[in-house]
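Just below is one structure, and these are the notes that go with it.
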Amino acid sequence: MTTATLERGVQILKEQIDAPTAAFFSSCVHCGMCADACLFYTETGDPAYTPINKLEPMRRLWEQEYTLVGRIKKLIGLSKPITDEELGEWSDMVYHACSLCGRCSMVCPVGNDISYMIRKIREGISAAGHAPEGLIGATTRAVKIGSPMGIRLHALQTQARNIKESSGLEIPFDQEGVDTWCCCRPWR
Amino acid sequence: MNSAEFLLWVRGPGLNIALAIFTIGMLIRLLEIFMLGRKQNLAELRSNGVSAGLRTIFTRSMPADKNSMRRSMFTFVAGYGFHIGLFVAIFLLTPHIQLLQSLLGFGWPALPTPVVDLFTVIALISLMALLWRRLTHPVVRYLSTPQDYLVWAATFLPLLTGYMSYHHLWFPYSWLLGVHILSVEFLLILFPFSKLTHAFTLFISRWYTGMMAGEKGVAS
């Protein structure tokens with residue numbers, strides 16, 4: 001696996017920015033209606049949980065990299081670069097304070113698909129190594145052991161044998177053309 | 001500079017400079033957006049998304065569902081009041097239509113001036129209400145940047161000076177008219193470099209949101 005660094009996070013985040021994202025950031029008028037639609041804002045009353053604010057690092061990166069004015073500002077040193085600490089802070093905002101329910105995208109008067117962008121900023125934040133620990137662990141286990149829950153092959157085979165004994169059903173392993181597909185294969 | 005020279009400048013070179021910056025700036029902004037493109041979608045599409053995209057462009061101008069309306073009532077009322085008022089003031093006042101006719105080559109019927117005057121007042125009151133909200137509501141205050149206040153002022157001034165010119169308030173008419181045109185030129189110059197671009201890009205946003213939802217086969 002590639003090591004997670006700030007540079008990689010920023011690079012991945014840059015690659016995530018597409019024409020819809022640019023149109024969305026260009027259209028936001030800071031009206032605050034997405035906050036009224038967000039359960040994390042309505043339940044806490046914390047304005048930081050306003051959906052569009054959860055994308056602030058990505059918005060700055062878009063401005064700095066993909067707009068003329070932003071590039072000039074970056075050139076003369078007027079823009080605030082994205083830091084590792086900031087992406088770490090924003091991890092909470094986009095993983096713990098968003099369920100991707102999409103209500104913000106449904107009420108935005110200019111039609112910004114905010115949850116679409118939350119999905120994108122998560123790519124950059126995880127590439128920078130700031131995904132929630134549980135997710136990093138599950139991914140590591142899936143790659144190293146073959147299962148996000150950490151179930152090893154022999155445990156799976158034992159379980160399959162038990163099911164076969166109790167139900168009498170054949171459970172095929174690594175066979176072509178079968179109806180059942182076991183997706184918890186170990187990584188080899 | 002006397003008022004006649006000032007008026008000549010704002011109606012001639014001033015307007016040309018502002019229009020040039022506005023047009024070239026907006027072209028650059030739109031190119032910046034479209035040149036980014038979209039990644040190829042490898043999922044099997046439920047539809048090509050065209051009808052959903054076009055529908056979303058219209059439906060987002062309509063009032064939302066009751067629950068969302070109730071939650072954001074202030075923004076809804078002031079937002080509609082301001083935008084409808086501004087639209088009428090810009091596009092349905094006789095002198096404005098005459099100016100646009102000289103630029104575009106075609107015109108359209110105007111509303112009686114007292115009616116436009118009423119809409120201007122609605123827009124002015126709505127804008128003041130929105131500024132008050134921006135200064136007091138925790139969310140909008142939190143989101144606001146200096147640009148939001150600059151854009152507010154740049155939108156408020158043409159409406160205010162237009163209203164003052166029509167009613168000949170406090171200052172000589174020719175100066176008021178000149179300042180009115182100058183304030184519009186400031187708005188035009190600020191337009192491509194601020195959130196004012198939403199007047200154009202919101203159609204792109206709504207299109208993408210509706211189209212991508214249509215491709216997935218979900219509501220938008």
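Below, chain A is the first sequence line, B the second, and so on; all start at residue 1.
- Side-chain atoms of A/Met93 and A/Leu55, non-hydrogen and from C-beta on, never get closer than 4.5 Å to each other.
- In the model, B/Asp117 has no side-chain atom that pairs as donor or acceptor with a side-chain atom of B/Thr120 under 3.5 Å.
- Using the six-membered ring where Trp is involved, B/Phe191 and B/Phe200 have ring planes that are perpendicular, over 60° apart on the 30 and 60° scheme.
- In this structure, a donor-acceptor pair under 3.5 Å is present between the side chains of A/Glu15 and A/Gln11.
- Using a 4.5 Å heavy-atom cutoff, the side chains of A/Leu156 and A/Arg152 are not in contact.
- Chosen from A/Val29, A/Asp113, A/Asn112, the residue pairing most often with chain B at heavy-atom distances under 4.5 Å is A/Val29.
- Residues of residues 81-89 of chain A lying within less than 4.5 angstrom of chain B, judged on heavy atoms, are absent.
- Contact annotation for B/Ala199: neither backbone nor side-chain heavy atoms come within less than 4.5 Å of a heavy atom of chain A.
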Which is it for B/His167 and B/Tyr163 under the ring pair (Phe, Tyr, Trp, His ring centres under 6.0 Å) test, yes or no, and what are the steps along the way?
CA-CA 6 Å; B/His167 292 279; B/Tyr163 180 82; 4.4 Å; yes
Pair B/Phe156-B/Trp152, ring pair (Phe, Tyr, Trp, His ring centres under 6.0 Å): steps then yes or no = CA-CA 6 Å; B/Phe156 190 79; B/Trp152 182 91; 4.6 Å; yes
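- Between chain B and the residues A/Ser26, A/Ala22, A/Gly45, the most heavy-atom pairs under 4.5 angstrom are made by A/Ser26.
- Between the side chains of B/Arg134 and B/Ser144, a donor-acceptor pair is found at a separation under 3.5 Å.
- Of the atoms belonging to A/Thr42, it is side-chain heavy atoms, and not backbone ones, that fall under 4.5 Å from chain B.
- Heavy atoms closer than 4.5 Å to chain B are found in both the backbone and the side chain of A/Tyr66.
- For residues 35-44 of chain B, the interface with chain A (any heavy-atom pair closer than 4.5 Å) comprises B/Leu36, B/Gly37, B/Arg38, B/Lys39, sorted by residue number.
- Within the 4.5 Å cutoff, the side chain of B/Glu185 has heavy atoms near those of the B/Val10 side chain.
- The contact between A/Ile17 and chain B is made by backbone and side chain atoms together, counting heavy-atom distances below 4.5 Å.
- Side-chain atoms of B/Ser220 and B/Arg60 form no donor-acceptor pair, as typed in the model, at a separation below 3.5 Å.
- For B/Arg141, no part sits under 4.5 Å from any heavy atom of chain A, backbone or side chain.
- Inspection of the A/Ser27 and B/Thr201 side chains reveals an N or O donor paired with an N or O acceptor under 3.5 Å.
- Only the side chain of A/Tyr41 comes within contact range of chain B, with at least one heavy atom under 4.5 Å from a heavy atom of that chain.
- In terms of heavy-atom pairs under 4.5 angstrom with chain B, the leader among A/Val107, A/Val69, A/Thr67 is A/Thr67.
- Taking the side chain as every heavy atom from C-beta outward, A/Asp18 and A/Tyr116 approach each other to under 4.5 Å.
- Note: B/His198 and B/His83 have perpendicular aromatic rings, judged against thresholds of 30 and 60 degrees for the angle between ring planes.
- Scanning both residues, B/Pro192 and B/Gly25, for their nearest heavy atoms gives CB-C, 3.5 Å.
- The part of B/Phe76 that comes within reach of chain A is its side chain, from C-beta onward, which places non-hydrogen atoms under 4.5 angstrom from that chain.
- Of the atoms belonging to B/Ser72, heavy atoms from both backbone and side chain fall under 4.5 Å from chain A.
- Both the backbone and the side chain of B/Ile33 come within contact range of chain A, each with at least one heavy atom under 4.5 Å from a heavy atom of that chain.
- A 4.5 Å side-chain heavy-atom check between B/Phe91 and B/Leu100 finds at least one atom pair inside the cut-off.
- Proximity to chain B at a heavy-atom threshold of 4.5 Å picks out A/Arg103, A/Ser105, A/Met106 from residues 96-106 of chain A, in numerical order.
- Side-chain polar atoms of A/His130 and A/Ser91 form no donor-acceptor pair below 3.5 angstrom.
- Looking at B/Glu215 and B/Arg46, their side chains never come closer than 4.5 Å, going by heavy atoms from C-beta outward.
- Partners of A/Trp90 according to the ring pair (Phe, Tyr, Trp, His ring centres under 6.0 Å) rule, which considers only residues two or more places apart in sequence or in another chain, do not exist here.
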>> Between A/Lys73 and A/Glu63, is the salt bridge (Lys or Arg N to Asp or Glu O under 4.0 Å) condition met? List the steps.
In response: CA-CA 9 Å; A/Lys73 271 162 92 179; A/Glu63 194 187 11; 3.5 Å; yes
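- Only the backbone of A/Cys28 has a heavy atom closer than 4.5 Å to any heavy atom of chain B.
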